[in-house]
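What follows is a single structure, written as C-alpha cells, with notes after it.
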Amino acid sequence: MVSKETAAELVEHATQAREKAYARYSNYPVGAALLTKEGQIFTGVNVENSVYPLTVCAERAALFTAVTEGYRSFEAIAVVTRDAGTPCGSCRQVLAEFGLDIEVIIADTKGEIQQITSVAELLPFSFGPDNLDSSDWDAG
Ligand SMILES: [Zn+2]
C-alpha cells in the first residue's frame with residue numbers, strides 16, 4: 001500500500017491530467033496517474049475518436065507512456081472521474097499484464113478517494129503472462 005500522502009499526490013496528478021482529456025463524445029473525462037516502482041509518475045487521459053472503438057482510456061494511455069519510457073514495474077495507479085468510476089475491463093486486463101498487485105486508487109473530482117483496491121480484486125481469475133510459455137522471450 002502506498003502512503004496516504006502518495007495516494008493524495010497521485011490523485012492530484014490524475015485530477016490535473018484529467019483537464020486535458022479529449023472526451024468530446026462521452027463527455028466523461030478521465031485522468032490517471034501511474035506510479036512506477038522507481039518513483040516516477042506517468043499521467044494519461046482518455047483520448048476519444050469519431051470512430052468510437054479507437055478511443056484509448058486514461059489508464060492505458062498512462063501505462064503505454066510509462067512502458068515507452070522504459071518502465072515495467074508499477075506500484076499504484078490513481079483514476080479520477082466525476083463519479084469515481086472504476087477502470088473498464090480492457091484496462092484491468094492491460095494492467096494485469098504488469099502485475100495483479102498494482103494498487104488502484106479510485107477518486108472523484110473533489111479529490112476524495114472513494115476506493116482503494118488492486119488489479120487482482122478488479123480482475124479475478126485473470127489470464128496473464130503465466131498462462132503462456134514466454135519464458136524464452138528476450139525482454140531486451
Ligand atoms: Zn479503460
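This one's a predicted model, so the numbers in the text were calculated from it and none came from an experiment. Atoms within each ligand, like the ligands themselves, are counted from 1 in listed order.
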Partner of L122 under side chain to side chain contact (heavy atoms under 4.5 Å, CB included), picked from I102, I106, V104, is V104

Donor-acceptor side-chain pairing of E97 and Q93 below 3.5 angstrom: no

Cut-off 3.5 Å, side chains only: do T36 and E75 have a donor facing an acceptor? no

F74 vs F98 aromatic rings, parallel, tilted or perpendicular, using cut-offs 30° and 60°? perpendicular

Are R18 and T81 linked by a side-chain donor-acceptor pair shorter than 3.5 Å? no

Atoms named by residue and atom, protein N, O or S, within reach of the Zn ion (ligand 1) (under 2.8 Å): C57 SG, C88 SG, C91 SG

Contacts of E9 meeting side chain to side chain donor-acceptor pair (under 3.5 Å) (sequence neighbours excluded), chain-then-number -> none

